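Inspection log for the structure reproduced underneath, given as structure tokens.
Lettering of chains follows the sequences in order, A, B, ..., and the numbering in each one begins at 1. Everything numeric in this text was worked out from a predicted model, so none of it was measured. Both backbone and side-chain heavy atoms feed into the values below; hydrogens, waters and symmetry mates do not.
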There are 2 protein chains.
Amino acid sequence: MNDISFNTRLNTRECGGCPIRHRAVCARCEPNELEQLDAIKYYRTFEAGQPVIWSGDPMEFVSSVVSGIATLSQTMEDGRTQMVGLLLPSDFIGRPGRDTTPFDVVAVTDLTLCCFRKKPFEDMMERTPAIGTRLLQMTLDELDSAREWMLVLGRKTAREKIASLLAIVARRDAALHKVPPRDGMSFELPLTREAMADYLGLTLETVSRQVSALKKSGVIKLEGKRRVIIPDLEALITEAGDDMDGAPIT
Amino acid sequence: MNDISFNTRLNTRECGGCPIRHRAVCARCEPNELEQLDAIKYYRTFEAGQPVIWSGDPMEFVSSVVSGIATLSQTMEDGRTQMVGLLLPSDFIGRPGRDTTPFDVVAVTDLTLCCFRKKPFEDMMERTPAIGTRLLQMTLDELDSAREWMLVLGRKTAREKIASLLAIVARRDAALHKVPPRDGMSFELPLTREAMADYLGLTLETVSRQVSALKKSGVIKLEGKRRVIIPDLEALITEAGDDMDGAPIT
DNA sequence: ATCTTGTCTTGATCCTGATCAATGATGCGC
DNA sequence: GCGCATCATTGATCAGGATCAAGACAAGAT
């Protein structure tokens, strides 16, 4: 793959799963009926670790993740925290119709968001029902994911939880590169042990132990601390306590 | 309150939170632009304990709960079960745009659903964007609730989980009767200990013990096994580990 | 080269909630 | 009334994961 084709792909790729299917980067693409939105859209970048918005803040924009990873989480007064969503490229952030943000959003890696000021976006939704329809589909998918995660949090063992997380990240990573997940695939795990613990309702020590245990039993291999290799995808999914069906490739 | 006024209220009340704000029972009400839906809507009743639909079944209708209570749940192959939603009157069941049902729906009490065949409902959604908008709002609310529940499942102790469940049912019960929740309120807990356990990711023994413990410390009172009295709402919410804000009255 | 700092691993011990088991209520059919 | 089924309570014991604590490892900073 040479530079030109790479750049071409980059420049013309769609803005992730943004409900408005505009182009993310290239200004030279063929016009479409939604280009008016260019007037109200802008990009914001955040460094790894930076908060994007806090729970309770006024919601001034909605956005979609262009690159990088963010987390959606809640914290109790005594400091216990639970991650409630992992935002990968193509995920949507925000709630048309609400004024305040319900959860904390934090950039895990360097992060680029494609933002729309909220009011113009809502006006646009009214004029273009297709946006609402698409947003409804995305929201329904997220609701299914959240509910599937409730099974993980409520009923799975620590080992199953880790395997579930790895299986999900593997699937999403594959989907991001538009290839089916396969045996032997590898991916960079974007989360620290602590972030994994927050996601899974565990402590970081337990996460570390169970990751080691999965490595020892050959279900996963590690390159360094973060790159994970999945020699046998079905084995991983079995460890997660899932069967092969279910689990859409989201 | 005499019989006539009671019947009048009953006959003209809206069909819960159904995205289509038609009248639930009365055929004599003033016509509105959505009455065409009467042609595609019908009612179904289920006895307590009956399944409404199983995960994976083809989805032939969408519906809204008119009366009674249903649960939305998932089960693993080995039998571990996690409830992922509690469907009270006004809740919507179904997924426009999807063909199969993602979770099991079971009637907990006797249940009446107001159903719409799925295809005509989808057509209607296309012609009437307001329905989609309303459905989007409802779905976003459900997503928030699901995410709040993830904190309960992932990070709260057994005692806090029980208190959280009681607080939620108390709030929803109050909302259903259109009164604010208040100290001294009481409600019929519609769930068995086992169903509570499935909702909270606990065993029924632990539920029983913690309910007893909350009773012993005076946070709740019981009349029989099922009727719960909340002498001090704030105390209950404190036991749940929440602060007073958050928690919309849904 | 050494010191920091952040991240991860591993060990020892404790405690919450699961599991196994027995016993009480309550309601229902006859 | 009695037997039976369902649901709930309570007790004894166990185990999975939390907690507390010590070190390992890598990447920068000085």
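- Under the 4.5 Å side-chain criterion, counting only non-hydrogen atoms from C-beta, Asp110(A) is not in contact with Phe46(A).
- Here the range on DNA chain C touched by chain A, meaning any atom under 4.0 Å from one of its heavy atoms, is dC8(C) to dA12(C).
- With no hydrogens or angles considered, a side-chain donor-acceptor pair links Arg159(B) and Ser217(B) at under 3.5 Å.
- Counting to the nearest Å, the C1' atom of dG17(D) and the NZ atom of Lys161(A) are 9 Å from each other.
- With a 4.5 Å cut-off on side-chain heavy atoms, Thr71(B) and Leu87(B) do not count as touching.
- For Asp232(A) and Arg182(A), the salt-bridge test fails: no basic side-chain N is under 4.0 Å from an acidic carboxylate O.
- Ranked by how close their nearest DNA chain D nucleotide is to the 5' end, Ala158(A) and Lys225(A) are led by Ala158(A).
- Heavy atoms of Ser208(B) sit under 4.0 angstrom from at least one base atom.
- We find that CG of Leu153(B) is positioned 17 Å from C1' of dG17(D), with the value rounded to whole Å.
- Between Lys156(B) and Asp242(B) there is a salt bridge, with a side-chain nitrogen of the basic residue lying less than 4.0 Å from a carboxylate oxygen of the acidic one.
- Between Gly224(B) and Val207(A), the residue anchored closer to the 5' end of DNA chain C is Val207(A), taking for each the nucleotide with the nearest heavy atom.
- Rounded to whole angstrom, the span from the CZ atom of Arg155(B) across to the C1' atom of dG17(D) amounts to 12 Å.
- Summarising the geometry, the separation between CD on Gln210(B) and P on dT10(D) is reported as 12 Å, rounded to the nearest angstrom.
- A salt bridge links Glu188(A) with Arg227(A): at least one charged nitrogen is closer than 4.0 Å to a carboxylate oxygen.
- If you check every strand for non-hydrogen atoms under 4.0 Å, Arg226(A) touches sugar and phosphate atoms only.
- The backbone N or O of Leu200(B) sits less than 3.5 Å from a side-chain atom of Lys161(B), completing a donor-acceptor pair.
- Atom CG of Asp198(B) is separated from atom P of dA8(D) by 12 Å (rounded to the nearest Å).
- For Arg95(A) and Asp141(B), the salt-bridge test passes: some basic side-chain N is under 4.0 Å from an acidic carboxylate O.
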So which protein nitrogen or oxygen atoms get under 3.5 Å of nucleotides 19-23 of chain D's nitrogens or oxygens?
| residue | atom | partner | partner atom | Å |
| --- | --- | --- | --- | --- |
| dT19(D) | O4 | Arg209(A) | NH2 | 2.9 |
| dC20(D) | N4 | Glu205(A) | OE2 | 3.2 |

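- Close placement of the Tyr199(B) and Trp149(B) rings is indicated, their centers lying within 6.0 Å of each other.
- Using a 4.0 Å heavy-atom criterion, one finds that Gly49(A) contacts no nucleic acid atom at all.
- Residue Leu204(A) is in base contact, counting any heavy-atom pair closer than 4.0 Å across all strands shown.
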